[in-house]
Amino acid sequence: MLSIENVGILFRLANERVDSLKDYAIKLVRRELRYHEFWALKDISFQVKKGERLGILGLNGAGKSTLLKIIAGVLKPTEGKVVRNGSIVPLLELGAGFDAQYTGAENIYLYGAMLGYPKEFLKEKYDEIVEFSELGDFINVPLKNYSSGMKARLGFSIATIVEPEILILDEVLSVGDAKFKKKSEKKIKDMFEKGITVLFVSHSIGQVRSLCDRAVILEKGRLIAQGDVETVSTLYEEAIKNDN
Amino acid sequence: MKSFIENFKKYRFLLLELTKKDVKLKYRNSILGFVWTLLEPLLTMIVLTIVFGTIMEKKTPHFSVYILTGRLLYTFFSGGTKLALKSIRRNAGMIRKVYVPKYMYPLAAVMSSFITFLLSLVVLVLVAGAQGMKPTRHLLGVFLPLITLFIMTVAIGLLLSVLDVFFRDLEYLWNVATMLIMYMSAIFYPAENLLDSKYGVLIRYNPLYSVIANFRHAIYGQPSELFYTVYPIVFSLAVLTVGVYIFYKKQDRFVLYI
């Protein structure tokens, strides 16, 4: 279903930021162009089978988000490859493609197009999206007048209109007010029950234990453990304890 | 190549949406809206015709049409390349979070400028009509220059959009460059004056001028010139090849710089 093979990504940071042609030319002539390189991820390999729910554990800066971005296709790995079978929906940063001057209705088509959904499909699902988002008449108001909760509701409603085969979740979503939160959690649970593959990133061992059946631990860009969720989360707890 | 076409098919709706967005937002919230697209070239034309028509000794026939054709084509070129130049950084928020083919952004920028440009051609029709110019069979010659100009703008826009990711001062350099190109495109003076001088190469090998020249020929009912047809096509395809090559080579690094 999803196979990560020897993935590594090299970030190159300039010691001083050179982002103008003028600086670049001066530094080039003076031979002052120096870079600091580091592997944000290195030698990552694991497989996720269909219907499996994988938790990705790790401290801040371990490379969890970078890994998710590689799987979602936003970042390209420097080495190794990611093999995916099936449609993928990343529920990361909902509504990243929204335009503030556009109305909610227009944004449904814009954001939908960005996620790669065809026009006919969006037309067909339009009412369903509006209804789920509970925006009512606000759907014809420019997005700049929305509250952040309303934006998140719209983003969630559009992104989850398809039933993906692979779902990527960064922390548990807390979208909108208590009522909508319940509704969105239910929708995700429904997806879970249909047996889709899930990648779930979290700091919280509790959430990973209750949602996932397998887990991996990332530390400083390396994969240090993988296996069933009980073993791995116990290992993670011990690692944190030892650190303190 | 095959996967490129499949990918394009999947995201063609996005290209349409991005183009539509630029055009729509341009005309929304502005009272004059579409009228402004017509008014702006018309006002500039009037001023330029009065100023340069008066100080120039040799008279060009239908001087206002001469100016308008040059200005409309130049405005599309400079506007389209400038919008494309900024397109990757302007859409940084999306590029960092959602995967879409990245060339969509500069391409949509040029496409929306092209639509505005086509709308503004209404002014040309009105002014040429008012001047008593009649369409001839040579009018069919407008299409090739327009297609060439579109490809040229996409090609240069693509190249600029990549460079702008890495060099932030490019925007200002390009503003200066487009201004110099404007002076070398014979927009508000008769081209012959300069073509016959020792600086003639400045105009002759300016691909934008080639396109303008053939476009004018078509409007004035004259046959197009072979050199002005072939040269800009060769130029545009060459730049497009370089642009696409560099774009594909660098696009995976965009997300690290924007």
Side-chain angles (χ1 to χ4, degrees), chain A residues 9-14 17-25 40 65-66 68-78 84 87-103 106-123 142 144 155 159 170, chain B residues 6-30 85 89-102 104-105 108 160 162-174 176-177 248-258:
Chain A
I9 189 164
L10 183 70
F11 282 164
R12 198 166 78 157
L13 299 178
R17 197 164 178 87
V18 180
D19 59 5
S20 79
L21 214 51
K22 190 187 78 190
D23 285 353
Y24 186 80
S65 297
T66 308
L68 286 191
K69 281 186 174 178
I70 290 175
I71 295 170
V74 177
L75 282 171
K76 200 170 181 180
T78 315
R84 285 175 306 195
S87 61
I88 192 160
V89 165
L91 284 189
L92 317 163
E93 322 220 20
L94 292 168
F98 282 162
D99 189 286
Q101 284 171 275
Y102 250 25
T103 65
E106 287 169 318
N107 268 304
I108 289 180
Y109 288 100
L110 181 66
Y111 190 50
M114 215 160 281
L115 295 173
Y117 305 158
K119 189 180 184 170
E120 295 72 35
F121 176 78
L122 287 167
K123 265 194 185 146
K144 58 184 172 200
D170 200 347
Chain B
E6 268 171 25
N7 211 16
F8 180 80
K9 266 190 175 161
K10 185 178 174 199
Y11 283 99
R12 70 186 159 185
F13 175 46
L14 175 66
L15 184 63
L16 205 78
E17 277 294 320
L18 288 173
T19 309
K20 224 164 74 183
K21 188 181 94 175
D22 277 346
V23 177
K24 257 185 168 173
L25 292 181
K26 194 181 161 89
Y27 293 121
R28 186 173 296 175
N29 307 326
S30 92
L85 180 144
R89 281 211 285 131
R90 206 160 60 107
N91 292 298
M94 298 175 224
I95 291 173
R96 252 186 256 131
K97 283 149 198 167
V98 195
Y99 166 81
V100 294
K102 294 177 190 64
M104 292 278 170
Y105 297 112
L160 290 171
V162 181
L163 295 174
D164 183 59
V165 172
F166 304 100
F167 304 115
R168 301 288 157 89
D169 51 353
L170 189 71
E171 197 181 328
Y172 308 106
L173 293 175
W174 186 244
V176 176
Y248 271 82
K249 225 178 145 202
K250 293 286 177 195
Q251 64 172 353
D252 296 330
R253 304 202 66 84
F254 286 176
V255 72
L256 307 176
Y257 287 85
I258 52 181

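We name chains A, B, ... by the order of the sequence lines, and we start the count at 1 in each one. In this text the structure is predicted, and so the values were computed from the model without any measurement.
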key: salt bridge (Lys or Arg N to Asp or Glu O under 4.0 Å) partners for B:K20, two or more places apart   = B:E17
So which part of [X] gets closer than 4.5 Å to some heavy atom of chain A, the side chain, the backbone, both or neither?
X: B:V255; answer: side chain
X: B:Y11; answer: side chain
X: B:I95; answer: backbone

request  = Before accepting this row, confirm whether a basic side-chain N of the pair B:K24/A:D99 lies closer than 4.0 Å to the acidic partner's carboxylate O.
outcome  = no
inquiry  = Among B:E6, B:K10, B:R12, which residue satisfies the side chain to side chain contact (heavy atoms under 4.5 Å, CB included) criterion with B:F8?
reply    = B:R12
message = Tell me if a side-chain donor or acceptor on B:D169 pairs with a main-chain N or O of A:K22 at a distance below 3.5 Å.
response = yes
key: Partners passing side chain to side chain donor-acceptor pair (under 3.5 Å) against B:R28 (at least two apart in sequence or in another chain)   = A:E106
request  = Sort A:K69 into side chain, backbone, both or neither according to what part of it lies under 4.5 angstrom from a heavy atom of chain B.
outcome  = side chain
task = Under 4.5 Å heavy-atom distance to chain B, tell me which part of A:Y117 shows up: side chain, backbone, both or neither.
result = backbone
query = Among B:V98, B:N91, B:V100, which residue forms the greatest number of heavy-atom pairs with chain A at distances under 4.5 Å?
reply = B:V98
